[in-house]
Amino acid sequence: METAPASLQFPGRCDEVAQIQERAGREALTAGERDLLTKLYEEAYSEQSAASEVMRLLTRSFSREPIPQYYRYANLHVYSWFLDLHPTEPVAGAVLALEATLADLDEVERRAAPRLTESDNTEERLLRLDVLREQVRQLRVETGGSTTAGEIIDRSRDDELARWQASVLTRCSGFLASGDHHEHMFLRAVQACELAFYLIRYFTVRARTAIGRDDALAQALMAQLSQYAELPNHIFHVLKTLTPELFLTFRDATGEASAVQSLNYHMMELVIYGYDARKVEAYTKFDHLYELTVPPLRSVRPLRDAVLEAGVPALTEGFAEVERTLLTWRGRHYGFGRRYLPGMEGSGGTEGAGYLRRFVHKDNLVPEPITTAPGLDLLGFAFR
């Protein structure tokens with residue numbers, strides 16, 4: 001998609017296909033509509049045009065391919081497409097995707113506000129969302145430089161092609177399972193967290209590599225990692241405006257979609273802490289997670305080991321700050337499970353809050369044999 005269209009309208013039948021999915025949520029689609037979306041995906045898959053590219057993004061969740069339910073729900077293929085548009089500037093691409101996601105959430109909340117009540121927490125959600133977007137703007141995009149995410153975001157607003165790409169990202173990824181307004185908050189939080197997990201992994205791998213080479217940029221990368229590690233906590237602060245009562249109004253519609261299936265999350269933890277054998281039960285439930293249980297991924301050298309071996313106080317202190325931040329995130333995630341799924345099974349067949357509790361602390365992981373894993377790509381956005 002190299003040239004922007006004359007307007008931000010979707011080409012061909014794409015607008016019609018988007019409207020079908022937006023009407024009342026995907027759960028309400030008829031068998032005929034599902035068959036149509038499957039057929040359109042297969043037709044678009046064999047074509048090469050701007051319209052077929054958008055159609056593939058709109059309909060991939062209805063593919064006959066063995067796509068895990070979490071990925072059918074979260075539309076993460078659209079985020080992978082967007083990040084692929086920025087191959088030489090992955091961090092800039094990710095912060096643009098994050099801003100587009102949050103801006104869309106803001107627009108949806110403001111549009112719905114007149115028909116919502118105080119119990120919907122819209123006013124508080126918008127206030128917290130404003131803070132989150134400002135926190136994103138303050139992120140440092142350059143390592144050892146001064147460019148911020150805010151500067152990247154502001155430049156993109158004057159670029160017609162960038163605006164078109166952002167509109168494709170948000171519309172093709174924003175389909176709800178239910179017809180409930182509040183699911184939009186949940187879906188956008190899931191997608192924002194996926195971007196955060198990816199960015200944390202990106203800086204973790206770069207920091208670990210720099211430490212191994214005794215590169216002077218190691219401390220700057222660790223400082224960036226510490227800043228980006230805060231993102232999941234900031235996102236959860238907004239998500240908490242979704243009360244348990246509001247969450248349960250759409251939870252069943254999401255089916256077996258569960259973040260336990262997230263490759264970005266598990267790979268983030270893998271490169272920070274190393275292989276966690278306690279996760280084998282979850283890994284073996286999902287075919288796409290099998291690769292995490294065997295070399296070379298199982299044997300990846302974690303940042304924790306690299307920092308320990310380096311013995312540099314500034315790096316040790318920087319990593320300790322990252323660990324504290326992520327421990328807070330895991331604790332909040334467990335608390336979310338306890339509050340929102342009391343005594344209930346979690347999505348994806350886990351035990352819910354009890355499952356999350358097991359992984360709050362990372363103190364007793366059994367060391368794995370380490371390999372250099374030549375050629376292994378740990379810097380890309382992961383999806384299925």
Side-chain angles (χ1 to χ4, degrees), residues 79 82-83 86 89-110 121-157 162 166 169-170 173-174 184-204 206-207 220-242 259 262 264-265 268 272 318-333 335-336 381:
Y79 284 83
F82 187 88
L83 293 176
H86 304 82
E89 298 180 304
V91 178
V95 297
L96 284 173
L98 187 53
E99 163 59 17
T101 300
L102 300 176
D104 180 76
L105 174 58
D106 184 271
E107 181 182 344
V108 168
E109 290 295 325
R110 292 184 188 280
N121 292 332
T122 302
E123 184 177 352
E124 180 62 25
R125 185 172 300 161
L126 287 169
L127 289 172
R128 295 187 186 192
L129 191 54
D130 284 344
V131 173
L132 172 57
R133 293 176 69 187
E134 182 57 34
Q135 288 163 333
V136 170
R137 288 181 61 84
Q138 298 306 316
L139 293 170
R140 293 190 300 279
V141 174
E142 284 184 310
T143 302
S146 60
T147 302
T148 64
E151 294 172 67
I152 301 292
I153 291 165
D154 290 342
R155 285 203 295 267
S156 72
R157 289 175 178 155
L169 170 70
T170 53
S173 65
H184 197 265
M185 172 70 250
F186 179 74
L187 176 62
R188 291 311 193 192
V190 167
Q191 294 161 340
C193 280
E194 284 284 335
L195 289 167
F197 300 152
Y198 160 66
L199 284 162
I200 293 167
R201 170 162 51 90
Y202 177 87
F203 285 109
T204 297
R206 288 195 59 207
L221 285 163
M222 189 68 78
Q224 276 182 292
L225 172 58
S226 180
Q227 190 182 30
Y228 281 81
E230 289 282 4
L231 277 174
N233 285 319
H234 296 327
I235 295 165
F236 247 56
H237 187 59
V238 182
L239 180 61
K240 285 174 68 177
T241 61
L242 188 69
S262 169
N264 278 318
Y265 179 71
M268 174 191 75
I272 294 174
F319 185 72
E321 183 177 346
V322 171
E323 280 203 295
R324 284 192 297 270
T325 300
L326 294 178
L327 174 62
T328 299
W329 146 253
R330 292 192 300 274
R332 287 177 175 170
H333 196 191
F336 184 92
F381 187 81

## Note on the structure
Smallest heavy-atom separation, A103 atom then R133 atom, equals CB-NH2, 3.5 Å
### Task
Kindly give the heavy-atom pair with the smallest separation between L187 and S173, and that separation in Å.
CD2-O, 3.6 Å
### Task
Flag the pair T148 / R137 as yes when at least one side-chain heavy-atom distance between them is below 4.5 Å, and no otherwise.
no
### Task
Give the minimum heavy-atom separation between Y228 and R140, together with the two atoms involved.
OH-O, 3.1 Å
### Query
Do L102 and I235 come within less than 4.5 Å of each other through their side chains, counting heavy atoms only?
no
### Query
If we only count heavy atoms from C-beta on, is the I200 to P232 side-chain gap below 4.5 Å?
yes
#### Entry: F319 side, atom CZ; R324 side, atom CZ - distance, nearest 0.5 Å
11.0 Å
### Query
What distance do T170 atom OG1 and Q191 atom CD have between them, rounded to the nearest 0.5 Å?
10.0 Å
### Query
Any side-chain heavy atom of F82 sitting closer than 4.5 Å to one from L195?
no
### Query
Considering all heavy atoms of both residues, which atom of A220 and which atom of T143 are nearest to each other, and what is their separation?
CB-CG2, 4.0 Å
### Message
What verdict does the salt bridge (charged side-chain N to carboxylate O under 4.0 Å, His left out) test give for D104 and R110, after you've listed the backbone C-alpha separation in whole Å, the side-chain angles of each residue and the deciding distance to 0.1 Å?
### Response
CA-CA 10 Å; D104 180 76; R110 292 184 188 280; over 6 Å; no
### Message
Using modelled atom types and a 3.5 Å cut-off, is there a donor and acceptor pairing between side-chain atoms of R128 and backbone atoms of H237?
### Response
yes
### Task
Please assess M268 against T204 for the test side chain to side chain contact (heavy atoms under 4.5 Å, CB included), listing each intermediate value before the final yes or no.
CA-CA 8 Å; M268 174 191 75; T204 297; 5.7 Å; no
### Query
Do T241 and E124 get their side chains close enough for a donor-acceptor pair, meaning under 3.5 Å?
no
#### Entry: Closest heavy-atom pair and its distance - N233, T325
ND2-O, 3.2 Å
### Query
Does a side-chain heavy-atom distance below 4.5 Å link Y198 with P90?
yes
### Polar side-chain atom of Q224 near backbone of F203 as donor-acceptor pair, under 3.5 Å
no
### Task
Would you give the length of the straight line joining atom CG of N264 to atom CG of L199, rounded to the nearest 0.5 angstrom?
9.5 Å
### Query
Are any of the side-chain heavy atoms of H234 and V238 separated by less than 4.5 Å?
no
### Message
Could you tell me if the side chain of E89 sits less than 4.5 Å from the side chain of V141, heavy atoms only?
### Response
no
#### Entry: Flag if over 12 foreign heavy atoms under 6.0 Å of CD, E151
yes
### Query
In Å and rounded to the nearest 0.5 Å, what is the CD to CG distance from E134 to D130?
9.5 Å
### Query
Hey, are the side chains of L231 and Q135 touching, using non-hydrogen atoms and a 4.5 Å cut-off?
no
### Query
Taking atom CG of L98 and atom CD of E194, what is their separation to the nearest 0.5 Å?
12.5 Å
### Query
So, does S226 use its side chain to make a donor-acceptor pair with the main chain of M222 at under 3.5 Å?
no
### Message
Which heavy atom of A162 sits nearest to which heavy atom of S156, and what is that distance?
### Response
CB-O, 3.7 Å
### Query
Testing Y202, Y79, Y265 for ring pair (Phe, Tyr, Trp, His ring centres under 6.0 Å) with F197, which one passes?
Y265
#### Entry: Main-chain N/O of L105 paired with R188 side-chain donor or acceptor, under 3.5 Å
no
### Message
Let me confirm one number: the CZ-CG distance from R332 to L239, rounded to the nearest 0.5 Å.
### Response
12.0 Å
#### Entry: Derivation and outcome, salt bridge (charged side-chain N to carboxylate O under 4.0 Å, His left out), residues R157 and E99
CA-CA 11 Å; R157 289 175 178 155; E99 163 59 17; 3.5 Å; yes
### Query
Does E109 reach the main-chain N or O of L126 with its side chain, forming a donor-acceptor pair under 3.5 Å?
no
### Query
Side chain of Q227, backbone of Q138: donor and acceptor closer than 3.5 Å?
yes
